[in-house]
Amino acid sequence: MAYAVVESLPAHQAAAGADRHFFAVPLAVLAGLPELQCDLFVQDAASGRKLLYRAAKTATSLAGDHVLEQRNVRHLYLRAEDRERFDQAMRASLAAGHCDAGLRLALTIEHHRDAFQVAMASRNAAPIVAQAEQIAGDLLQVVHQDDFS
């Protein structure tokens, strides 16, 4: 499969500055969001550049994508400006409740990731503990709703 280069920063800048233009999302989460209308990017291991993997209008599911499995890709990247669209798709999928237990668990963890990172960056125990309580409560709900045996 050919990729389109969308970012051509030198490798040392790509590693340092690309994070503000893109954010990583686990494949397990993306596979549960088939209606997500965002461009998806893969990171070139050698250069650190982000390469277009799937255009927003492509109706291809990522579940069982053998190309990604063969290349041991665990995350794809979305543009930072697509964050709100991604968050809405996650909330909609969680609210719909039609996903399996593993996916619901992955979506719940991803849903809390940014808020927890912001709390950790504050270096203040109160917001960290508050976020941790919220995460624990949501995870307990998932566990109580589903049979993980």
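Nothing fancy with the numbering, it's 1 onward along the sequence.
Contact of the Leu52 side chain with the Val42 side chain is not registered, since no non-hydrogen atoms from C-beta on lie closer than 4.5 Å. Using a 4.5 Å heavy-atom threshold, the side chains of Met90 and Val29 count as touching. Between Leu76 and Leu68, some side-chain heavy-atom pair lies under the 4.5 Å cut-off. Residues Arg49 and Gln43 form no side-chain contact, since every pair of their non-hydrogen atoms from C-beta on lies 4.5 Å or further apart. Within the 4.5 Å cutoff, no side-chain heavy atoms of Val67 are placed close to those of Val73. Side chains of Arg91 and Asp87 form a contact here, defined as non-hydrogen atoms less than 4.5 Å apart.
The local environment of CD in Glu81 is crowded, with over 12 non-hydrogen atoms from other residues, nucleotides or ligands closer than 6.0 Å. The environment of CZ in Arg83 is crowded: more than 12 heavy-atom neighbours from other residues, nucleotides or ligands sit within 6.0 Å.
When all heavy atoms of Ala89 and Leu33 are compared, the pair lying nearest together is O-CD2, 3.5 Å. Counting all heavy atoms, side chain and backbone alike, Leu103 lies closest to Gly32 at CD2-CA, 3.4 Å. Residues Ala56 and Gln37 share a closest heavy-atom pair of O-OE1, 2.9 Å.
Taken together through direct or relayed side-chain contacts under 4.5 Å among Ile, Leu, Val, Met, Phe, Trp and Tyr, Ile109 and Met120 form part of one hydrophobic cluster. Leu139 and Phe116 fall within the same hydrophobic cluster, where Ile, Leu, Val, Met, Phe, Trp and Tyr residues are linked whenever their side-chain heavy atoms come under 4.5 Å apart, directly or through other members.
Here the NZ-CG distance, from Lys50 to Leu78, works out to 11.5 Å after rounding to the nearest 0.5 Å. Put simply, CD on Glu110 and CG on Leu94 are 11.0 Å apart, with the number rounded to the nearest 0.5 Å. To the nearest 0.5 Å, atom OG1 of residue Thr58 and atom CG of residue Leu40 are 8.5 Å apart. For the atom pair His111 NE2 and Ser93 OG, the distance stands at 12.0 Å (nearest 0.5 Å). Here the straight-line distance linking atom CD of Gln88 with atom CG of Asp82 works out to 11.0 Å at 0.5 Å rounding.
Asn124 places no side-chain N or O within 3.5 Å of a backbone atom of Pro127 that could act as its donor or acceptor partner.
Under 4.0 Å is where a charged nitrogen must lie from a carboxylate oxygen, and between Arg79 and Asp39 at least one such pair does.
Of the residues Phe86, Phe41, Tyr77, the one that meets the ring-ring contact (aromatic ring centres under 6.0 Å, His included) test with Phe23 is Phe86.
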